[in-house]
Amino acid sequence: MIIPTPIARSASDAAQAALFESAAPVLVEVRFPHMGTAPDWYLCQDRGELDSIVERLGSGVELHLHSVWDLENRGRALVIGK
Amino acid sequence: MSNREVLRVVVVRKGKFRPAEFRLRPGEIGLSLYRREPEIHPAAILAAVHGAGKRGELGIAEIPISAFTALGLKLVASPGGTADREVNRLLVEARYSRWKRLVLLLRRKAVHEAFNVEIAPKLAAVAILLENPSEP
């Protein structure tokens with residue numbers, strides 16, 4: 001799910017905040033769709049660490065956020081696009 | 001397709017890449033790769049992927065196209081996602097045939113799960129790490 005609209009972006013921000021608030025640390029999978037390479041993986045303790053990752057990503061990249069406490073349930077991953 | 005090899009950008013650790021570099025993620029139906037063309041150096045592919053934010057010591061793994069044929073995979077031209085249009089032009093995806101995907105659907109087996117078990121280890125075994133890909 002890619003979130004393009006301003007309203008949806010604020011909803012995404014709220015969801016990210018809730019995820020870090022309630023279920024940190026967060027496992028971040030950075031996918032590079034159609035770029036001929038595997039994802040990068042990061043473990044973020046807080047949103048600041050996530051923001052520093054997002055800052056240096058180009059467009060077209062997808063971030064899949066999972067709480068480390070709930071890795072079994074892939075459907076609950078938070079997906080954000082850049 | 002006239003080229004004999006395709007390329008994949010991999011992370012290199014201690015001079016090697018991991019077999020996981022050739023796995024699909026949930027929701028994906030094909031492994032993205034770059035055709036090898038003489039007028040576009042692998043360094044340009046590395047730069048494009050690095051520019052998208054990929055981190056680590058990056059290298060290029062080369063796989064003969066014959067390996068895909070032997071595994072029953074098709075190489076399908078697909079729009080690339082980097083900021084470099086010339087590099088994007090090279091992108092292909094290695095996919096199961098439509099028939100195979102239908103069989104997997106009827107068996108309620110996810111494409112990425114079958115691919116990761118049946119295909120990814122074999123591609124990793126025949127892939128060769130290019131030497132000095134970042135030097136034109």
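Per chain, numbering begins at 1; letters A, B, ... match sequence-line order.
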With a 6.0 Å cut-off (strictly less than), is the heavy-atom count around [atom1] of [X], excluding the residue itself, greater than 12?
X	atom1	answer
B:Ile128	CD1	no
B:Arg18	CZ	no
B:Lys100	NZ	yes

So which of [options] has the biggest tally of heavy-atom pairs under 4.5 Å with chain B?
options	value
A:Arg56, A:Arg31, A:Met35, A:His64	A:Met35
A:Pro33, A:Gly36, A:Ser59	A:Gly36
A:Leu57, A:Thr37, A:Ile53	A:Thr37

Locate the shortest heavy-atom distance separating B:Arg95 from B:Gly30; write the atom from each residue and the value.
CG-CA, 3.8 Å
Give the cluster check for B:Val126 versus B:Leu129: same hydrophobic cluster or not, with ILVMFWY residues linked at side-chain heavy-atom distances below 4.5 Å.
yes
Chain A contact via [X] - which portion, at a heavy-atom distance below 4.5 Å:
X	result
B:Ala52	both
B:Leu91	side chain
B:Thr82	both

